[in-house]
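Everything on this sheet refers to the single structure shown next.
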Amino acid sequence: MGSELAHFALVDVNNFYVSCERVFQPRLERVPLVVLSNNDGCAVARSSEVKALGVRMAAPWFELKDLAAKHGIKALSSNYTLYGDMSERVVSILRDFSPDIEVYSIDESFLRIDTVLHLYPSSLALGELIRGRIRQWTGLPVCVGMGGSKTLAKLANHLAKKHAVFNGVCDLNALSDEVVRHWMRATDVGEIWGVGRKLSLRLKAMGMQTVWDLRCASLKTLRAQFGVVMERIGSELNGVSCLELEEIVPDKQQIIASRSFGRAVTSFEELAESVATHIARACEKLRAQHSVAAIAQVFVQTNRFKLNEPQYNPSIAIGLAEPCDDTLVFTDAAIAGLRRIFKAGYRYKKAGVMLGAISAKAKQQQGLFDDTAMQQRSAALMRVMDALNTRFGKRAVHSAAMGNTMGWGMRSENRSPNYTTQWDELPFVK
DNA sequence: TCTGGGGTCCTAGGACCC
DNA sequence: TCTGGGGTCCTAGGACCC
């Protein structure tokens with residue numbers, strides 16, 4: 001059960017990927033800029049100038065080319081190494097402000113602040129301090145939203161972003177009831193955290209257009225019509241905190257690695273190389289959280305946007321006799337699976353793998369007939385492989401199945417240097 | 001030519017058991 | 001003639017998030 005005293009802050013970097021790029025290329029400031037998804041497919045981050053042009057989230061880049069030419073929109077490929085590193089810097093700054101922090105996503109963290117507010121003149125003063133320090137130490141602009149539940153903090157953050165009057169910091173707890181009502185009435189119900197497209201339509205069909213309408217709905221009705229999730233949202237909007245801060249990151253229950261191809265792929269051999277590559281990445285993630293998995297699922301897909309091409313999207317799950325974390329074991333299993341679902345004659349666009357039935361390696365049961373010597377060899381080999389790949393680059397040591405050419409690899413035509421993580425890519429100041 | 005990737009939670013319904 | 005009901009586990013699918 002939540003506490004009535006709970007007071008949360010949500011700190012969110014504005015246009016995160018775009019802002020990261022601008023830190024290292026200040027000449028991109030005020031230039032309409034998008035960062036593209038993997039394979040240079042969609043605009044997954046947009047600068048404010050681009051948003052103002054009406055470009056929606058995940059708009060396909062090829063559809064934007066005309067608009068881009070007209071308004072001088074610049075596009076960068078995504079550089080997740082850079083964003084991940086910048087993200088860690090922001091989080092380490094936030095930890096100085098509160099010991100209770102949930103890193104919710106690469107650009108957002110929740111903080112419990114009722115425990116530290118006595119150290120500051122006001123919640124707004126704290127918010128401004130956070131904003132200022134992150135800007136000064138990383139160059140990134142953030143907004144801070146605060147409220148009596150995580151849902152309210154999210155809402156406050158949305159208001160802080162959208163409305164200049166807040167100057168980047170909004171605490172719903174510091175506003176009068178009338179003012180809160182005004183903003184809730186002015187905000188579409190679809191902006192609430194947890195209310196997506198479908199639920200938004202259903203709520204509106206029932207006469208709930210704004211945040212305020214939902215806030216005033218009876219919890220019983222919400223429970224009956226929508227289930228426990230919406231009931232919780234209703235409570236949270238009323239300042240009753242139901243969602244705890246999740247400070248400990250739980251182990252993944254499922255690990256996915258997949259990519260679209262840079263071009264259509266037709267041969268079994270190339271599909272197998274990509275599947276082996278994805279398995280290697282998935283198993284690295286598995287070992288990083290000290291887990292083992294018992295199921296590997298393999299899938300391949302044709303291009304769902306090519307309506308005139310024959311479609312085929314099979315998947316297959318392969319169970320292992322013993323859960324393990326060995327890339328080579330999973331590679332064999334996955335390729336065997338691929339062999340069973342592969343059909344010639346299709347133009348494949350994407351392949352991927354999913355590891356499931358994941359458990360902690362430390363709790364692994366020893367089987368009666370396990371080959372202990374074999375297991376030790378496997379563990380040693382994986383340790384060496386991970387160490388070499390960390391030190392010398394991702395594909396320094398890899399299974400033969402992964403191949404060497406990567407002809408199917410993704411497009412990434414305009415990626416910025418790894419300014420903060422590679423010595424030879426550090427920015428120069430002339 | 002060109003359309004991302006990776007996750008979670010909840011619910012409904014079927015299989016199975018006693 | 002008369003043909004239960006409740007519990008658990010698992011899976012698929014839907015909805016959401018960034």
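The chains referred to below are lettered A, B, ... by the order of the sequence lines, with proteins before strands, and numbering in each begins at 1. Keep in mind that the numbers below use all heavy atoms, side chains included, and drop hydrogens, waters and symmetry copies.
Between A:R281 and the phosphate of B:dG5, there is no side-chain N or O to OP1/OP2 separation shorter than 4.0 Å. A sub-4.0 Å separation between OP1 or OP2 of B:dC2 and a side-chain N or O of A:K306 is present. For the OP1/OP2 pair of C:dC18 and a distance below 4.0 Å, the side-chain nitrogens and oxygens of A:K154 include at least one atom meeting the criterion. At B:dT3, none of the side-chain N or O atoms of A:K350 fall inside 4.0 Å of OP1 or OP2 (strictly under the cut-off). Between A:S258 and B:dG6 there is a side-chain polar atom (N or O) within less than 4.0 angstrom of OP1 or OP2. Applying the 4.0 Å criterion to OP1 and OP2 of B:dT1, one finds that A:R411 has every side-chain N and O outside that range. For the pair A:S260 and B:dG5, the criterion of a side-chain N or O lying under 4.0 Å from OP1 or OP2 is met. OP1 and OP2 of C:dA15 both lie 4.0 Å or more from every side-chain N or O belonging to A:R202.
Looking at the side chain of A:K285, the nearest of the listed nucleotides B:dG7, B:dT3, C:dC18 is B:dG7. Distances were taken from every side-chain heavy atom of A:Y104 (C-beta onward) to each of C:dC16, C:dC17, B:dT3; the shortest belongs to C:dC17. Here the nucleotide nearest the side chain of A:N38, chosen from C:dA15, B:dG5, B:dT8, is B:dG5. In this structure, of B:dT3, B:dG4, C:dC18, it is C:dC18 that holds the atom nearest to the side chain of A:E108.
No engagement by A:I106 is indicated, since no non-hydrogen atom pair under 4.0 Å with the nucleic acid exists. Using a 4.0 Å heavy-atom criterion, one finds that A:D40 contacts no nucleic acid atom at all. Backbone-only engagement by A:A257 is indicated by non-hydrogen atom pairs under 4.0 Å involving sugar-phosphate atoms exclusively. Residue contacts shown for A:L243 are absent, as no nucleic acid heavy atom lies under 4.0 Å away.
Annotation: cation-pi pair A:K349/A:F261 absent, no NZ/CZ under 6.0 Å from the ring centroid and within 45° of its normal.
With rounding to whole Å, A:M354 atom CE is found 12 Å from C:dG13 atom P. Rounded to an integer number of Å, the gap from CG of A:N313 to P of C:dG13 is 13 Å. The nearest whole Å value for the distance from the CG atom in A:N15 to the C1' atom in C:dC18 is 14 Å. With rounding to whole Å, A:K65 atom NZ is found 10 Å from B:dT3 atom P. Put simply, CG on A:N303 is 7 Å from P on B:dC2, counting in whole angstrom units. Counting to the nearest Å, the C1' atom of B:dT11 and the CZ atom of A:F226 are 15 Å from each other. Protein atom CE of A:M57 is 11 Å distant from nucleotide atom C1' of B:dG5, rounded to whole Å. The distance between atom CD1 of A:I256 and atom P of C:dC17, rounded to the nearest whole Å, is 18 Å.
Nucleotide C:dA12 forms a Watson-Crick or G-U wobble pair with B:dT11, both donor-acceptor distances falling under 3.5 Å.
Of the residues near DNA chain B, A:G227 and A:G262, the one whose nearest nucleotide (by heavy atom distance) lies more toward the 5' end is A:G262. Sequence order on DNA chain B of the closest nucleotides to A:R263 and A:V228 puts A:R263 first from the 5' end.
The existence of a salt bridge linking A:E236 and A:K154 is excluded, since no basic side-chain nitrogen approaches an acidic carboxylate oxygen closer than 4.0 Å.
Side chain to side chain, A:N313 and A:K350 fail the donor-acceptor criterion of an N or O pair below 3.5 Å. Defined by atom type and a distance below 3.5 Å, a donor-acceptor pair is missing between the side-chain atoms of A:S77 and A:N79.
Distance check, rounded to the nearest 0.5 Å: CG of A:D107 to CE of A:M86 gives 12.5 Å. Note that the CD1 atom of A:I113 and the OG atom of A:S98 stand 8.5 Å from one another [nearest 0.5 Å].
Residues A:S416 and A:Q25 come closest through the heavy atom pair CB-NE2, 4.1 Å.
Straight-line distance between the P atoms of B:dC17 and C:dT3: roughly 24 Å, to the nearest whole Å.
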